[in-house]
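Written below as structure tokens is the structure these notes are about.
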Amino acid sequence: MAVAFDEMNGPGGDLRPAYRELSRWLKETPPDALEYRRQEAELLFRRIGITFAVYGDAEAQERLIPFDVIPRIMSAKEWTTLEKGLKQRVRALNMFLRDIYHGRDILRANLIPDDLIFQNPVFRPEMNGQSVPHDVYVHIAGIDIVRVDADNFIVLEDNARTPSGVSYMLENREIMMRLFPDLFARHRVAPVERYPDELLSALRSVAPLSASAEPTVALMTPGVYNSAYYEHSFLADKLGIELVEGRDLIVKNDEVFMRTTEGLKRVDVIYRRVDDDFLDPLTFRPDSALGVPGLMSAYAAGNVTLANAVGTGIADDKAIYSYMPEIVKFYLGEEPILKNVPTWRCREPKDLAYVLDNLGDLVVKEVHGSGGYGMLIGPAATKATIEAFRDKLKREPEGFIAQPTLALSTCPTCTASGLAPRHVDLRPFVLTGSKHVTIVPGGLTRVALKEGSLVVNSSQGGGTKDTWILDE
């Protein structure tokens, strides 16, 4: 595997400009002072109660996501490139989703095989021909980015269904400002605090035409047992909107109302953190107790906006991901600013043969997998695991893609034995309203805390850092 790019010290060990002040500050700060503040940060997170649940882990129902106090820093110039690329990608994703549920020009152009869409379990035939307000399908996107050198940011995956993690971006910043005012004073850090306002304004802008001048927005959660429930309640609070469950909503005459102490109140936009399958027992899973009977008919009648739209899961599919460069060119007539990781589609015999021959060097992922579950990291896997994966691939090749093992860049991180480089990725949050696309400068940096590990997912023991974009 190639040597990882060090974001602080660069390829030749030359301190990179964005990190100059931090480096000075670290030299002046005694290690025990840093350790003391690290413990203080942990205490604050515990007190606020930021936890997430790990499914299938009997030991720890609720865990604290480890927080690293050394910020990750990027220059304004780096951010500008990244921002342009993210806006381009999300524009293309929205056009792609509109097309596959309407004219299907991309299928007629033979750029993507039909069965990849129509036989896809997350394709929603219910959305065929249905218009969504302002043609926005993905109102909130979390695009996972990695970098491998000084110049290139690469998209690792697109999260277009219900991307999570933004509460950590906001909380991390608040805690850093509280604990490290001296370090902040030395930098001009672009603010992330306006994210809730930007989100609310994007959601209001896509309200149905029949909505009042001040559209009512509500956040729909599956409830307290969901792993991201903390984030749902946090965001509803920050946005100043109601946090509702399916049982708080009712559909009458194809309009959605929420039950309040003053009676029923119409809801125009639902920021839903509930998967398609559970939204409406009359349309999807009849056994869902999380949804609202009749919600899809109100949606079809154009009386409520769902953010993100139903059927966006097809854009999260990792086999579709492999076509993103073609998708960007097809809809926008532009070269993609952000590259993809080279990807082998195991559904194609030639690719499958290559993958089976090189399993020990590759990362293999389920096309519908998320959270770091169900993947093989070849170089770190045992022989037995590799052989088990080989059988899976032969049995069900269309369920997997493979990619080279990337040398994700590293950032300095506090460890038990002092500062050490650890691998990171970045999830910026892209908001699309009726008029424009906005991205607050930064995002959630996830860090693999185990030495040498490339898995940054919190469900697999990763942590987070504050991400500083310098304001020039």
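If you read the sequence from its start, that first residue is 1, and numbering goes on from there.
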Mind checking side-chain contact (heavy atoms from CB on, under 4.5 Å) for K435 and listing every partner two or more places apart, or none if nothing turns up?
none

Out of V244, D268, L295, L306, which one pairs with V256 under the side-chain contact (heavy atoms from CB on, under 4.5 Å) rule?
L295

Check R147 with D425, please: is the shortest side-chain N to carboxylate O separation under 4.0 Å?
no

Side chain N94, main chain V136, donor-acceptor under 3.5 Å
no

Okay, side chain of R104, backbone of I100: is any donor-acceptor separation there less than 3.5 Å?
yes

Please find the pair of heavy atoms, one from R204 and one from P215, that lie closest to each other, and give the distance.
NE-O, 3.5 Å

Who passes salt bridge (charged side-chain N to carboxylate O under 4.0 Å, His left out) against R89, sequence neighbours left out?
D158

We want to know whether E348 and Y354 form a side-chain donor-acceptor pair, criterion being a heavy-atom distance below 3.5 angstrom.
no

Taking side-chain contact (heavy atoms from CB on, under 4.5 Å) as the criterion, tell me which of T81, I145, V155, V437 meets it with L86.
I145

List the atom pairs, with distances to 0.1 Å, where a side-chain N or O of residues 194-203 and a protein N or O form a donor-acceptor pair under 3.5 Å, not counting sequence neighbours.
from : atom 1 : to   : atom 2 : distance (Å)
R194 : NE     : E198 : OE2    : 2.9

Check the side chains of N172 and K465 for a donor-acceptor pair under 3.5 angstrom, ignoring hydrogens and angles.
no

Quick one: does M220's side chain get under 4.5 Å of L249's, heavy atoms only?
yes

Can you say whether the rings of Y137 and Y101 are parallel (under 30°), tilted (30 to 60°) or perpendicular (over 60°)?
parallel

Between H134 and S434, do the side chains contain a donor N or O and an acceptor N or O under 3.5 Å apart?
no

Does the side chain of V148 reach to within under 4.5 Å of the side chain of I154, using non-hydrogen atoms?
yes

Would you say the side chain of V364 lies within less than 4.5 Å of the side chain of I401, judging by non-hydrogen atoms?
no

Look only at the side chain of H232 and the backbone of T221, and say whether a donor-acceptor pair between them is shorter than 3.5 Å.
no

Test ring-ring contact (aromatic ring centres under 6.0 Å, His included), reference F45, set F67, Y230, Y168, output is F67

Between V304 and V269 the two heavy atoms that sit nearest each other are CG2-N, 4.5 Å

Are the aromatic ring centres of F123 and F118 under 6.0 angstrom apart?
yes

CZ of R161 to CG of D316: how many Å apart, nearest 0.5 Å?
4.5 Å

Look at the side chain of H423 and the backbone N and O of L449, then say whether any donor-acceptor pair between them is shorter than 3.5 Å.
no

Can you see which heavy atom on S210 is nearest to which on G302, and at what distance?
OG-O, 4.2 Å

One thing to verify: whether D144 and R427 come together as a salt bridge, which I'm taking to mean a side-chain N less than 4.0 angstrom from a carboxylate O.
yes

For residues 214-227, pull every pair meeting salt bridge (charged side-chain N to carboxylate O under 4.0 Å, His left out), keeping only residues two or more places apart or in separate chains.
none

Are any side-chain N or O atoms of T413 and backbone N or O atoms of C411, one a donor and one an acceptor, separated by less than 3.5 Å?
yes

Using the test side-chain contact (heavy atoms from CB on, under 4.5 Å), find all partners of A381 that sit at least two apart in sequence or belong to another chain.
L376, T385, I386

Mind checking whether M176 and W468 have side chains closer than 4.5 Å, heavy atoms only?
yes

Under a 4.5 Å cut-off applied to non-hydrogen side-chain atoms, are L454 and T405 in contact?
yes

I'd like to check L279 versus V310 (side-chain heavy atoms, cut-off strictly below 4.5 Å). Are they in contact?
yes

Side chain Y321, main chain V341, donor-acceptor under 3.5 Å
yes

Listed by chain and number, what are the side-chain hydrogen bond (donor to acceptor under 3.5 Å, both in side chains) partners of D237, not counting sequence neighbours?
none

Taking atom types as modelled, is there a side-chain donor on S409 or E7 under 3.5 Å from an acceptor on the other?
yes

In Å, rounded to the nearest 0.5 Å, how long is the span from CG of L170 to CG of D466?
10.0 Å

Less than 3.5 Å apart, which donor and acceptor atoms pair up between the side chains of residues 323-336 and the rest of the protein, not counting sequence neighbours?
from : atom 1 : to   : atom 2 : distance (Å)
Y323 : OH     : R345 : NH1    : 3.4
Y331 : OH     : D99  : OD2    : 2.6
E334 : OE1    : Q88  : NE2    : 3.1

Strictly distance-based, threshold 3.5 Å: is any side-chain N or O of E231 a donor or acceptor partner for the main-chain N or O of V166?
yes

Are N308 and R273 linked by a side-chain donor-acceptor pair shorter than 3.5 Å?
no

Answer yes or no: is there a donor N or O on one side and an acceptor on the other, between the side chain of S297 and the main chain of G294, under 3.5 Å?
yes

Looking only at non-hydrogen atoms, find the nearest pair between P281 and G291 and report the distance.
CD-C, 4.2 Å

Is the CD atom of E398 crowded by more than 12 outside heavy atoms at less than 6.0 Å?
yes

Residues D317, N120; criterion side chain to side chain donor-acceptor pair (under 3.5 Å); working and verdict:
CA-CA 9 Å; D317 182 290; N120 203 312; 3.0 Å; yes

Nearest heavy-atom approach of F153 to E78 is CE1-O, 3.9 Å

Donor-acceptor contact present, side-chain R108 to main-chain G103, <3.5 Å
yes

So which heavy atom on L243 is nearest to which on Y229, and how close?
CD2-OH, 3.6 Å

Looking at residues at least two apart in the chain, or sitting in another chain, which of them share a salt bridge (charged side-chain N to carboxylate O under 4.0 Å, His left out) with D391?
none

Non-hydrogen side-chain atoms of I117 and I320 separated by less than 4.5 Å:
yes

Those residues at least two apart in sequence (or on a different chain) that pass side-chain contact (heavy atoms from CB on, under 4.5 Å) with A315 are L93, L97, A160

List for me each residue that meets salt bridge (charged side-chain N to carboxylate O under 4.0 Å, His left out) alongside K238, sequence neighbours excluded, and say none if there are none.
E174

Point-to-point distance, once rounded to the nearest 0.5 Å, from CG of L362 to CE of M375:
12.0 Å

How far does CD of E242 sit from CG of L219, to the nearest 0.5 angstrom?
11.0 Å

side-chain contact (heavy atoms from CB on, under 4.5 Å) against R247, all qualifying residues, sequence neighbours excluded:
E245

Do side-chain atoms of S164 reach the backbone of A228 as a donor and acceptor pair under 3.5 angstrom?
no

Any side-chain heavy atom of E157 within less than 4.5 Å of one from K365?
yes

Can you list every salt bridge (charged side-chain N to carboxylate O under 4.0 Å, His left out) pair that touches residues 111-138, not counting sequence neighbours?
R98-D135, D115-R347, R124-D276, R124-D277

Cation-aromatic face contact K392/F389, 6.0 Å, 45 degrees:
yes

